[in-house]
Each structure stands twice: as C-alpha cells, then as structure tokens.
Amino acid sequence: MKLLRILSRNIRDSFKSVFRNFSLSLASISCITITLIVVSISIILSYNVNNFAELVEKDVTIVSFLNVDITEEGRQTVLAEINKLDNIESVTFESKTEIANEMMESSEVFANIMGSWTENESPIQDTFLVKVKDIELIGETANQLKKIENVQIVKYGEGMVEQLISIFDLIRKIGIVTVAALIIVTAFLITNTIKITIFSRKREIEIMRLVGASNLNIKIPFIFEGLFLGIIGSIIPVVATTYGYVALYENFKGQLFSPFIKLIEPQPFIYYISGALIVIGVLVGMYGSLKAVRKHLKI
Amino acid sequence: MDIIRMTNVKKQYKTGVTAIHDLSINFEKGDFVFIIGATGCGKSTLIKMIYREEKPTSGKINVGGIDVAKLRNSKVYKIRRKIGVVFQDFKLLNKSTVYENVAFALDVLGLPRDEIHTKVLKALELVGLKHKASSYPTQLSGGEQQRVAIARSIVNGPKLLICDEPTGNLDEITSMEIMNVLEEINKMGTTILMVTHDTEIVNKMKKRVVLLDAGRILKDFEKGTYNHEVVKNIK
C-alpha cells in the first residue's frame with residue numbers, strides 16, 4: 001500500500017514536473033522528436049529495401065528441363081524426388097505444349113516457326129519450375145536437382161543470382177548498421193539534452209536528499225519524467241510516420257518507379273514502426289534521465 | 001541522555017586541509033546549543049558530519065543510536081529522516097508552493113495524504129505561516145522563507161534540528177522572530193544545534209555555547225555563562 005502510494009505520487013509529481021520545467025522539457029522533447037523522425041525515415045527506408053530484396057529473391061526460380069522422351073510415370077518420379085529435397089519452397093510443372101503456346105503467343109516470329117513443328121520435332125522440353133526456401137543454398141539445390149534421373153539441364157541464372165544475393169546482403173547490412181548507429185546517436189543526443197536539463201535541477205536533488213529521500217526515491221520521479229518525455233516526444237514522429245507513409249503509399253500506388261519495386265503495405269507496417277518509435281523514445285528518455293540523475297547522487 | 005556523541009573525530013579533506021582535530025563532545029537531549037567561531041574554524045564541517053553530508057576521516061559519531069561515520073552513502077537517508085536541517089539560503093523549491101515544500105519531506109516517507117495534510121498544517125501553524133500555504137517561496141520575505149524551511153525540517157517530528165546560520169541573510173528583527181520560533185520548537189523537546197556568527201543572538205538567548213577555533217573546541221560555555229567580552233578577546 002505504502003509502495004503504491006509512493007509510486008502514484010512519483011508518477012503525479014513527475015508529470016507535474018514535465019510542465020513546471022516546461023522550457024527544459026521542451027528542449028528534451030524537441031530533441032527526441034527530431035531524432036525519432038530521422039530514425040523513423042531510416043527504418044522505413046531500410047525495411048522497404050529489405051522487402052524489395054526479399055521479393056526479388058522469392059522470384060528467383062530454378063528451371064529443371066526434363067528429357068524429351070520422358071514418360072508420365074518418369075515425370076511423377078522426378079516430382080517425388082524433387083519434393084524429397086530440403087530447400088524446396090514450391091514446384092510447378094510446365095509442359096512443353098504450354099511453353100510452346102506461351103512462346104507463340106508472345107511473338108509472331110515464334111508462332112510462324114513453331115507452328116510448323118510436329119510434337120516429335122519440337123525441341124522444347126517439359127520443365128519443373130522450382131522455388132527455393134533459402135536463396136543462399138540455391139547452387140546446392142540446383143546440383144541436387146541435376147543428379148535426379150531424367151533431369152537433363154538445370155538453370156537458375158548462375159552467377160547473376162549469386163551477385164544479386166551478395167548485393168542485397170550488403171544493402172541489408174548497411175541498413176542494420178545505419179539504423180543501429182542512428183539509434184545510438186539518438187540515445188546519446190537525448191541523454192545529453194536530458195543531462196543538461198537535469199543539471200539545472202541539481203538543487204532539487206540536493207533538497208530531496210536533505211529531507212531524507214533515498215536514492216531510489218530520487219531516481220524514480222526522474223525515470224518517470226524520462227518516460228513522459230519519451231512518450232510526448234514520440235507523438236509527432238508517430239503521427240508523421242503513420243500519415244506520411246500512408247500518403248506516400250497511396251501517392252505512388254504502392255510501387256516506386258516501376259511495378260517491380262513494391263512498397264510495404266502500410267498496415268500493419270506503420271503500427272510496428274510506431275510501436276518501435278514509442279519504445280525507443282521511452283527507453284532512451286528513461287535511460288537519459290537515470291544516467292543524468294545518477295551523476296548527482298552520491299552512491 | 002546524550003543525543004549526539006562525538007569521540008576523537010578528525011576530518012581531513014582531500015586537499016590536505018584538516019578542518020577538525022581529534023574532537024570529542026556530547027550534546028544532551030533537549031539542548032539548545034550555539035556553535036560559534038571565526039570563518040574557517042570548522043563549525044560547518046562539524047555539523048555536516050552530524051547530518052552525514054561529510055564523513056569523518058576517523059573517530060565515532062553517534063546520532064540517536066546510529067553510527068553516522070559508518071553509514072554508507074546509499075543509506076544516508078536513514079539519518080536524514082531523523083534530523084531536520086535548516087540553511088542560510090533556505091533551500092526551498094521555488095516552483096512548488098509553501099504547502100508542497102513542507103509536504104515534500106513527508107511525501108518521501110509515503111505517508112497517507114490525510115496524515116500529511118494534518119502534519120503540514122500543524123507545522124505551518126507553528127511557524128505562523130498557515131495562511132501562506134498556497135503561496136510560492138518567491139512571493140515571501142526572507143524571514144517567511146526561512147520559517148517555511150523550519151516548518152519543513154520539523155514536520156517529520158525530528159528529535160534533532162540542525163541550523164546552519166539560519167539568520168545569516170536576515171535583519172535583526174526578523175532574526176529574533178526566527179529565534180523565537182526555534183526556541184518554541186526547543187521547548188517542545190527538540191534538540192537544536194545552531195551554527196551562527198551572530199553574537200547578538202548568542203548574547204540574548206543565553207544557551208550553551210561551543211566556541212571552535214582551528215578545528216578544536218576552545219571553550220564550552222554552560223547555559224548562560226557565555227561571555228561576549230571573553231570570546232572577543234579569544235578571537
């Protein structure tokens with residue numbers, strides 16, 4: 001009961017304190033707001049780049065060409081063998097007739113040449129289109145596919161796919177490092193701003209000690225104050241992210257420059273980002289206050 | 001019965017300056033004691049060690065059964081809750097009202113709101129400032145601010161009140177008003193230790209007077225035996 005009373009008083013007092021020291025609070029809040037907006041933009045960018053990379057990676061397909069004279073039974077065996085492999089996401093069969101029709105539809109030249117072929121003359125082979133779970137193991141999976149009986153040729157854009165993977169890997173790493181660095185800089189900036197504002201309240205802390213407040217008694221209101229600063233400071237970034245991203249998404253109709261580069265759908269993406277911003281704001285605010293107040297405590 | 005027992009206390013600062021030399025003194029419960037001496041004689045260091053703002057280099061300091069010399073920094077609040085301290089510069093929170101300033105000392109103890117309300121009003125009544133409860137310190141005169149500080153220091157009902165030049169910033173009449181309030185508190189059983197430069201006050205009050213010089217006790221006058229002329233010559 002007593003603990004609850006002390007806690008509720010601390011919450012009330014820290015809330016009051018945010019407004020009583022408004023100009024100082026405003027400095028901390030502005031700092032949190034500005035840095036969180038930068039963090040938000042960098043998270044949105046890095047997630048979208050990541051999303052684009054994932055989409056491209058998902059599109060990569062291994063085409064397994066089957067022997068021309070393969071029987072229906074043989075095809076079933078190949079399919080069963082493919083499904084036995086570990087890294088298989090999906091397998092689609094495309095018959096030579098389907099492929100031929102597609103090609104003829106796509107070009108008149110093809111239609112002219114291919115139209116004269118009988119079924120036995122056609123060099124086109126039945127294929128299995130294989131998508132993999134882990135793109136980094138695509139080479140290995142392709143080799144396993146090659147070993148299956150009746151699979152003649154396996155193609156997946158060797159060389160180019162590996163290059164693409166390494167570029168995306170690099171982009172992802174840069175994204176993570178950038179966001180992490182920004183969060184650290186944010187923490188540093190906010191901590192220092194709060195430190196400066198708390199320095200001017202050294203007297204308050206001195207009086208608290210004087211009237212018999214324990215170190216915990218002194219720390220708690222400042223930690224709550226940091227929490228409130230974090231929450232208030234994250235309001236504008238959260239609103240800007242939510243409305244800004246939805247507007248951006250709608251304005252570009254969900255894609256950037258070409259249908260190939262798709263933006264992440266706003267929902268639930270914006271909720272995750274908003275949650276992350278509030279958590280970062282609150283944690284950094286609390287940490288900043290705690291660190292600043294500890295400086296003035298004799299521990 | 002002694003409320004403070006100091007035995008062979010020495011305080012040497014990191015700078016190498018020794019403020020208190022092998023000092024032993026006891027203060028009885030209910031006493032009103034003036035600690036006087038020239039600037040730099042160790043008066044402030046002496047009382048700072050009692051409320052554990054400073055730690056003695058050696059020796060024992062027992063305050064109301066607590067060995068404050070051994071008290072860790074994180075446990076200092078234990079002694080602070082038993083002692084009231086009043087300063088020359090009042091040390092009030094200017095952004096809080098008079099009521100909030102006094103209630104502050106009880107808030108940290110987690111007392112129920114009703115109990116805080118009753119005790120704060122009682123303390124403010126004792127110092128004659130009940131009607132200024134909702135004013136801010138900056139709206140008060142120096143004397144009134146000091147009375148708020150006194151109310152804050154006694155609201156918790158401490159057995160010991162330490163005053164570090166409480167009248168240093170006040171004129172003669174206001175100073176005497178403050179002294180009357182302190183005497184009133186002393187009559188209610190609170191021991192008062194007061195550091196002062198003001199020999200006029202010491203002359204008028206006729207209490208026990210401890211005269212310090214270069215960190216040592218030069219004279220310890222029994223109640224009313226303080227002789228202004230003697231002190232003047234010693235200085």
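Because only heavy atoms are used, hydrogens play no part in the values below, and waters and symmetry mates are left out as well, while side chains stay in. Residue numbers start from 1 in every chain, and the chains themselves are labelled A, B, ... in the order their sequence lines are given, proteins ahead of strands. Predicted model only: the values in this text are computed from it and were never measured.
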Asks: Tell me, side chain or backbone of B/Ser96 under 4.5 Å from chain A's heavy atoms, or both, or neither?
Replies: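 Contact with chain A is through both the backbone and side chain of B/Ser96.
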Asks: Is it true that A/Arg209 and A/Glu204 make a salt bridge, defined as a side-chain N closer than 4.0 Å to a carboxylate O?
Replies: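 No.
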Asks: Within a reach of under 6.0 Å around CG of A/Asp86, are more than 12 heavy atoms found that belong to other residues, nucleotides or ligands?
Replies: no
Asks: With a 4.5 angstrom heavy-atom cut-off, could you sort out which part of B/Arg152 is near chain A: side chain, backbone, both or neither?
Replies: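 Looking at B/Arg152, just its side chain touches chain A.
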Asks: Mind ranking B/Leu111, B/Val85, B/Ile79 by heavy-atom pairs under 4.5 Å with chain A and telling me who comes out on top?
Replies: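 Heavy-atom pair counts peak at B/Leu111.
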Asks: Within the structure provided, determine whether B/Ile4 and B/Lys29 are in side-chain contact (heavy-atom separation under 4.5 Å).
Replies: no
Asks: Relative to chain A, which of B/Asn156, B/Leu92, B/Ile83 shows the most heavy atom pairs under 4.5 Å?
Replies: B/Leu92
Asks: Is the number of heavy atoms from other residues, nucleotides or ligands under 6.0 Å of A/Ile236 CD1 greater than 12?
Replies: no
Asks: So what's closer than 4.5 Å to chain A heavy atoms on B/Pro158: side chain, backbone, both or neither?
Replies: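 Neither part.
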Asks: Using a cut-off of under 4.5 Å on heavy-atom pairs, state which of A/Leu4, A/Asn217, A/Leu216 scores highest against chain B.
Replies: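 Of A/Leu4, A/Asn217, A/Leu216, A/Asn217 has the most heavy-atom pairs under 4.5 Å with chain B.
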Asks: Tell me, do B/Met179 and B/Glu177 make a side-chain contact under 4.5 Å, heavy atoms counted?
Replies: no
